[in-house]
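So the structure is just underneath, and the comments pick up after that.
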Amino acid sequence: MSETAIRFREDLMTWAKGEIREYPWRAPDASLYEVFVAEFFLTQTPADNVADVYPEFLDEFDSLATIDESHEDELVAAIEPLGFHNMRAEALKRIATNHDELPTEPERLRSLPRVGPYVANATLCFALKRRIPIVDRNVVRVYERVFGDAFPQSDSAREAFAEEMLPATGEEARTYNLALLDFGALVCHKRSPDCPVCFASGYCEYAVGLAEDQ
DNA sequence: AAATCGGGGTA
DNA sequence: TACCCAGATTT
């Protein structure tokens with residue numbers, strides 16, 4: 001692992017202490033089900049929108065069993081403001097009819113409808129504090145900027161890279177992954193990242209390149 | 001690995 | 001209206 005990688009990890013962990021965002025589903029004691037529901041909703045949906053419906057949703061649907069007993073229309077109504085409600089309601093219903101409990105193995109979780117690598121890994125890392133990497137568009141953007149060509153192209157190599165970046169323990173990996181998402185959302189924006197304010201601007205390939213262009 | 005999908009956001 | 005986008009799914 002490169003010096004830059006080690007430094008980025010340390011800097012991000014330091015940044016995490018002050019800047020990490022608080023959401024209900026990020027509570028340390030949030031259950032597997034609660035975290036799963038959140039991650040399931042958070043794809044392609046702003047966190048603040050999810051926050052608006054999340055408490056009420058958990059109130060009405062406190063378990064897979066409850067979803068199983070309810071009608072899909074109620075499910076649709078509860079998540080309507082989020083968009084993708086039909087797709088998501090159908091998938092949740094299908095999950096609830098086939099499972100009493102959520103699987104805790106990444107591959108098994110990933111086999112559920114509309115649950116891909118991101119949702120599965122994020123759920124297990126955040127809920128069970130497993131040392132598992134997460135790779136979404138934010139993560140790809142951040143690593144591409146900071147590490148340039150050293151960040152690989154293929155999904156499998158990216159997952160391996162992200163895994164190497166994780167700190168030693170599951171607890172730390174959870175903090176690191178949360179910080180990585182927030183860093184991508186709050187500092188390393190898709191367009192016009194806040195390089196002047198960023199802890200990595202001294203060694204990030206993108207920021208250094210910008211400085212050289214001046 | 002690349003193409004496709006469904007649907008929300010944006011120019 | 002047309003295009004873009006993120007993640008999942010399909011080929």
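We name chains A, B, ... by the order of the sequence lines, and we start the count at 1 in each one.
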**Report entry** Salt bridge present between A:D48 and A:R21 (N-O < 4.0 angstrom)
**Finding:** no
What's touching nucleotides 7-11 of chain C from the protein side, N or O pairs under 3.5 Å?
from	atom 1	to	atom 2	distance (Å)
C:dG7	OP1	A:D136	OD2	3.2
C:dG7	OP2	A:R137	N	2.6
C:dA8	OP1	A:G116	N	3.0
C:dA8	OP1	A:V119	N	3.2
C:dA8	OP2	A:Y118	N	3.3
C:dT9	OP1	A:R114	N	2.3
C:dT9	OP2	A:V115	O	3.4

**Report entry** Heavy-atom pair with the smallest gap, counting every atom of A:P106 and A:A120
**Finding:** O-CB, 4.0 Å
Query raised in the report: Hey, is CG on A:D194 packed in by over 12 heavy atoms from elsewhere, all under 6.0 Å?
Result: yes
Query - Least distance between heavy atoms, A:T45 atom then A:R88 atom - result: OG1-NH2, 2.8 Å
**Report entry** Interface with DNA chain B, restricted to residues 74-84 of chain A and to heavy atoms under 4.0 Å
**Finding:** A:G83, A:F84
Query - Residues within residues 145-164 of chain A bordering DNA chain C, heavy-atom distance below 4.0 Å - result: none
Report task. Step by step, work out the side-chain hydrogen bond (donor to acceptor under 3.5 Å, both in side chains) result for A:D11 and A:Y203. Result -> CA-CA 11 Å; A:D11 289 349; A:Y203 54 86; 2.6 Å; yes
**Report entry** salt_bridge(A:E163, A:R158) N-O dist < 4.0 Å
**Finding:** no
Query raised in the report: How are the rings of A:F147 and A:F8 set relative to one another: parallel (under 30°), tilted (30 to 60°) or perpendicular (over 60°)?
Result: perpendicular
Query raised in the report: So, A:E69 and A:T66: side-chain donor and acceptor under 3.5 Å apart, yes or no?
Result: no
Report summary line: 5'-most contact on DNA chain B (nearest-nucleotide basis), A:N86 vs A:R191, goes to A:N86
Query raised in the report: Using 4.0 Å as the upper bound for N to carboxylate O, is an ion pair formed by A:E171 and A:R131?
Result: no
Query - Qualifying ring pair (Phe, Tyr, Trp, His ring centres under 6.0 Å) pairs, either residue in residues 78-111 of chain A, two or more places apart - result: none
Report summary line: At a 4.0 Å cut-off to heavy atoms of chain A, the contacted part of DNA chain B spans B:dA1 to B:dG8
Query raised in the report: Can you say whether the rings of A:F151 and A:F161 are parallel (under 30°), tilted (30 to 60°) or perpendicular (over 60°)?
Result: perpendicular
Requested in this report: Mind jotting down which residue pairs meet the ring pair (Phe, Tyr, Trp, His ring centres under 6.0 Å) criterion with at least one end in residues 25-51 of chain A? Sequence neighbours excluded, please.
Outcome: A:Y23-A:W25, A:W25-A:Y54, A:F36-A:F40, A:F41-A:F57
